[in-house]
Amino acid sequence: MKLAVVGSINIDQTVVAERIPLKGETLPGSSLHYIPGGKGANQAVAMAKLGAQVEMFGCVGDDDNGRQMVANLVKNGVETSHIKVAEGVPTGIAIITVGDNDNTIIVVKGANGLVDRAYVDSVKDALLSYDMVVLQHEIPLDTVHYVVELCAEHGIPTVLNPAPAAEVPMDIFEKVTYLTPNEHEAVLIFGKARSTEELLKAYPEKLIITQGSRGVSTALKSGEVLNVPVRKANVVDTTGAGDTLNGAFCVRISQGDDIESALKYANTTASLSTEKFGAQSGMPTAAEVEKAMEGAK
Ligand code: RIB
């Protein structure tokens, strides 16, 4: 199975401190790092590290950051031949603080803002040759919705991870195969009237809600609510854990796993990724995930 990601490519400028600062507070940092990130690129790398065939569609600036971020994707085995290099606009940057098992992130979208309908049209034939298309909310929402509609017309399954939080119109939700919000994103999309359980039961095996330390949940078609609890980890950095979960879920569901097995696998993969610093450097290989799952039996 071949997977495509249409999404963001960032360089993460990450400062490590004892804890994340409070509003208006200045803290000493212990180190500063420039490392690969972007929710789209992170999910593509998570998939490639697990052995999947994956292509990244997106846009970088014609600058050193862009060249480094594309080289990093290539190094990780991600196909990059349709990534657009735009002049006069910088590669996306995320300013991240990490401390005490927590983080803050501000993204300056840069070239990610140029992933528009015209770009999608220019790569359409290649994109439609994939078996599954994966999206997030770090490129223009209009493009996300356009790709979902295009894939639905062509019978290609889509996974939409609606992060950062933004509304998902109901006609778009109906067309995606899986929607994977966290609890806050779910409230923004569906409102507060229904509990998490009610929401999951309304959209079995389609809506998957991540709940931080309470794990990840979906409803099965039988009506039973499935909760996969968080695996214990020696957490160093949670940045990119959600991306790892999404990437791993896509790999396994596209390989024919049932949703319960795919979520268990994704949950273990995400938890392993938190044990090392950086969004991508802790993402495990398939062998490492299998070892951890065996050890947990
Ligand atoms: O999900 C983590 C990612 O969010 C970081 O890598 C950063 O680039 C932001 O996009």
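Start at 1 and go down the list; that is how both ligands and their atoms are numbered.
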Min heavy-atom dist G38 to ligand 1 below 4.0 Å:
yes

Polar side chain donor-acceptor pair, N10 to N112, under 3.5 angstrom:
yes

Considering only heavy atoms, which of V107, D12, I105 lies nearest to atom 6 (O) of ligand 1?
D12

Without hydrogens or angle criteria, can the side chains of S81 and E79 be said to hold a donor-acceptor pair below 3.5 Å?
yes

Should T239 be counted as touching ligand 1, given the test is an N or O pair under 3.5 Å?
no

Which atoms of ligand 1 are found less than 4.0 Å from any heavy atom of A279?
6 (O)

Shortest protein heavy-atom distance from atom 3 (C) of ligand 1, along with the residue and atom involved:
N42 ND2, 3.6 Å

Salt-bridge test for K175 and E149: reply yes if a basic N is under 4.0 Å from a carboxylate O, no otherwise.
yes

Show which atoms of ligand 1 fall inside a sub-4.0 Å distance from at least one heavy-atom site of A94.
7 (C), 8 (O)

Heavy-atom pair with the smallest gap, counting every atom of A292 and T268
CB-CG2, 3.9 Å

Quick test: of every protein heavy atom, which one is nearest to atom 4 (O) of ligand 1, and how far off is it to 0.1 Å?
K39 NZ, 3.1 Å

Pair D121, Y146: side-chain N/O donor-acceptor within cut-off below 3.5 Å
yes

Check against side chain to side chain contact (heavy atoms under 4.5 Å, CB included), I96 and T104
CA-CA 6 Å; I96 303 181; T104 63; 5.9 Å; no

Just which atoms of ligand 1 are under 4.0 Å from any heavy atom in D243?
1 (O), 2 (C), 3 (C)

Distance under 6.0 Å and angle within 45° of the ring axis: does K124 meet both against Y119?
no

Which atoms of ligand 1 are found less than 4.0 Å from any heavy atom of E138?
4 (O), 9 (C), 10 (O)

